[in-house]
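Computed from heavy atoms alone, side chains included, the values below leave out hydrogens, waters and symmetry copies.
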Amino acid sequence: MPRWIDKREETSAAPAPERATVVEKSAFLLVLSGPQVGELHKLKSDQPTVIGRGEADLRIDDDGISRRHCSIQPRGRGALLIDLGSANGTYVDGERVREKLLGSDDRFQIGVSTTLKLAIADDMEAAVQRKMAEAALREPLTGLYNRRHFQERFAAEVAVAHRHGRPLSFLMIDVDHFKRVNDRHGHLAGDEVLKTVARALQQGIRIEDILARFGGEEFVVLAREAELAEAMAVAERLRQLVEVAQTRWESGHDVPVGIAVTVSIGIAQLAEDETERDLFEAADQAVYKAKKNGRNRIVAAAARTPKPRRRHRR
């Protein structure tokens with residue numbers, strides 16, 4: 001008897017694949033750690049790319065990197081890495097090198113916290129690697145930078161500010177009465193509120209600012225090269241944007257509601273000889289005062305007296 005054939009078992013004929021085209025591959029540098037983590041840079045094929053903190057083809061603001069730290073030039077399926085007499089050295093696998101031929105996926109370290117990886121790839125492959133590196137920096141709910149990445153940037157930015165005498169301000173932002181949102185509408189609604197707050201904050205910061213979710217309902221901003229007055233203006237813009245934003249929440253049985261929240265913001269400007277911890281604690285005290293004084297407001301930390309310098313014994 002003929003066997004009944006289930007159409008679902010049939011395999012549709014696919015057209016024969018076209019002859020694969022040769023995809024041109026190039027050399028890229030992917031920043032794996034440090035102030036500019038996640039950045040992807042295509043290397044010149046015909047001349048060395050100089051990496052440094054000053055006059056360089058690839059500039060990296062890492063306090064331990066020399067102005068012209070090292071150079072790298074593609075060589076076949078790899079690249080030649082040359083240290084240019086840097087103060088703190090260039091390292092491959094923990095060993096200081098003057099010259100080293102790297103292969104694809106090899107890594108090297110320069111400065112205080114910067115690690116770079118050589119990738120020999122086509123543009124699509126390089127873009128995928130960049131996205132993977134970028135995803136590791138973000139927290140999944142809001143898409144903002146995560147706490148770990150922010151802390152790395154915080155330390156680096158404080159060091160750069162001290163070294164070059166640049167102003168740096170720090171904003172700590174706390175959502176007011178957030179527990180009430182969770183208690184009244186549930187934690188899923190609370191998550192949506194945090195997303196709304198994050199979008200409002202992204203709209204209000206400057207291009208050079210660094211915004212992150214620090215944890216729970218706390219957000220932080222590093223206002224780079226901002227004196228206290230400019231940081232206050234940024235904070236007021238953020239406060240207003242959050243105040244007018246609303247989260248539309250639809251629960252299973254209720255009529256959709258609009259959930260509005262406000263934020264309290266504490267600001268501190270980096271003082272001479274202060275560490276990132278000093279700056280953090282000053283802003284933390286300021287946001288506590290903002291909460292105590294009625295919420296939905298901004299408080300700037302009082303000016304701190306520079307720490308006395310320790311005398312070295314002779």
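Glu217 pairs in a side chain to side chain contact (heavy atoms under 4.5 Å, CB included) with only one of the listed residues (Asp174, Ile173, Val197), which is Asp174.
With hydrogens and angles disregarded, a donor-acceptor distance shorter than 3.5 Å links the side chain of Asn88 to the backbone of Gly64. Of the possible donor and acceptor atoms, one in the side chain of His69 sits under 3.5 Å from a partner among the backbone N and O of Ser66. Between the Arg138 side chain and the Gly143 main chain, a donor and an acceptor come within less than 3.5 Å of each other. Counting only distance, with no hydrogens or angles, the side chain of Gln269 and the backbone of Leu228 share a donor-acceptor pair below 3.5 Å. Judged purely by atom type and a 3.5 angstrom limit, Asp62 uses its side chain to pair as donor or acceptor with the backbone of Thr114. His177 places no side-chain N or O within donor-acceptor distance of the main-chain N or O of Thr262, the cut-off being under 3.5 Å. Side chain of Arg237 to backbone of Gly204: a donor-acceptor contact under 3.5 angstrom is found. The closest donor-acceptor contact from the side chain of Ser169 to the backbone of Ala226 lies under 3.5 Å. At least one donor-acceptor pair under 3.5 Å links the side chain of Gln36 to the backbone N or O of Asp61. Judged by distance alone, the side chain of Arg206 and the main-chain N or O of Arg224 form a donor-acceptor pair under 3.5 Å.
Val31 and Leu81 end up in the same hydrophobic cluster when Ile, Leu, Val, Met, Phe, Trp and Tyr side chains are linked at under 4.5 Å. Under the 4.5 Å side-chain heavy-atom criterion for ILVMFWY residues, a single connected hydrophobic cluster contains both Phe219 and Met232. Under a hydrophobic clustering in which Ile, Leu, Val, Met, Phe, Trp and Tyr are joined whenever their side-chain heavy atoms come within less than 4.5 Å, directly or via other members, Ile259 and Val175 fall into the same cluster. Hydrophobic clustering (side-chain heavy atoms under 4.5 Å, transitive across Ile, Leu, Val, Met, Phe, Trp, Tyr) keeps Tyr145 apart from Leu201. Following chains of ILVMFWY side-chain contacts shorter than 4.5 Å, one cannot reach Val299 starting from Ile267, and the two form parts of different hydrophobic clusters.
Under the 4.5 Å side-chain criterion, counting only non-hydrogen atoms from C-beta, Val263 is not in contact with Leu238. At a threshold of 4.5 Å between non-hydrogen side-chain atoms, the residues Val193 and Trp249 do not count as touching. Side-chain contact between Leu194 and Phe178 is present, with at least one heavy-atom pair separated by less than 4.5 Å. A heavy-atom distance below 4.5 Å is not found between the side chains of His41 and Asp57. Inter-residue side-chain proximity for Val128 and Glu125 is flagged as unmet; no heavy-atom pair is nearer than 4.5 Å. With contacts defined as side-chain heavy-atom distances shorter than 4.5 Å, the pair Val158/Thr275 does not qualify. Phe154 places none of its side-chain heavy atoms less than 4.5 Å from the side chain of Val220.
Taking every heavy atom of both residues into account, Glu274 and His162 meet most closely at O-NE2, 2.6 Å. For the residue pair His185 and Ala189, the shortest heavy atom distance occurs at CB-CB, 3.5 Å. Closest approach of Phe28 and Asp122 over heavy atoms only: CE1-O, 4.2 Å. Across all their heavy atoms, Ala223 and Asp209 have their closest contact at CA-OD1, 3.3 Å. Residues Ser264 and Val287 approach most closely at O-CG2, 3.4 Å, considering heavy atoms. Between Val234 and Leu171, the closest heavy-atom pair is CG1-CD2, 4.4 Å.
For the atom pair Leu58 CG and Lys44 NZ, the distance stands at 10.0 Å (nearest 0.5 Å). From Leu137, atom CG reaches atom CG of Asn146 across 6.5 Å, with rounding to the nearest 0.5 Å. Distance check: Leu32 CG to Leu116 CG gives 7.0 Å after rounding to the nearest 0.5 Å. A distance of 8.0 Å separates CG of Leu211 from OG1 of Thr142, quoted to the nearest 0.5 Å. Atom CG of Asp83 sits about 3.5 Å away from atom OG1 of Thr90, to the nearest 0.5 Å. Here the CD1-NZ distance, from Ile298 to Lys289, works out to 15.5 Å after rounding to the nearest 0.5 Å.
The neighbour count for Glu55 CD, taken as heavy atoms of other residues, nucleotides or ligands under 6.0 Å away, does not exceed 12. Counted within 6.0 Å of NZ on Lys291, heavy atoms from surrounding residues, nucleotides or ligands total more than 12; the atom is thus considered enclosed. Counting non-hydrogen atoms of other residues, nucleotides and ligands closer than 6.0 Å to OH of Tyr91 gives a total above 12. By the 6.0 Å contact criterion, NZ on Lys131 is open, its count of non-hydrogen atoms from other residues, nucleotides or ligands being 12 or less. Residue Arg148 places its CZ atom among 12 or fewer non-hydrogen atoms of other residues, nucleotides or ligands, all under 6.0 Å distant.
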- [ ] Apply side-chain hydrogen bond (donor to acceptor under 3.5 Å, both in side chains) to Glu281 and Gln285, showing your working.
- [x] CA-CA 6 Å; Glu281 290 177 350; Gln285 288 297 317; over 6 Å; no
Task: Val261 and Thr196: CA distance, side-chain angles, deciding distance, side chain to side chain contact (heavy atoms under 4.5 Å, CB included) verdict - done: CA-CA 10 Å; Val261 295; Thr196 300; over 6 Å; no
Task: Evaluation steps, side chain to side chain contact (heavy atoms under 4.5 Å, CB included), between Ile82 and Gln73 - done: CA-CA 9 Å; Ile82 299 176; Gln73 182 174 3; over 6 Å; no
Enumerate donor-acceptor pairs with a distance under 3.5 Å from any side-chain N or O in residues 46-53 to protein atoms, sequence neighbours excluded.
| from | atom 1 | to | atom 2 | distance (Å) |
| --- | --- | --- | --- | --- |
| Arg53 | NE | Ile65 | O | 2.6 |
| Arg53 | NH2 | Ile65 | O | 3.4 |

Which donor-acceptor pairs under 3.5 Å do the side chains of residues 92-107 make with protein atoms, sequence neighbours left out?
| from | atom 1 | to | atom 2 | distance (Å) |
| --- | --- | --- | --- | --- |
| Arg96 | NH2 | Ser86 | O | 3.4 |
| Ser104 | OG | Ile120 | N | 3.1 |
| Asp106 | OD2 | Gly103 | N | 2.8 |

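Listed by chain and number, the residues in a ring pair (Phe, Tyr, Trp, His ring centres under 6.0 Å) with Phe280 are Phe170, Phe214 (sequence neighbours excluded).
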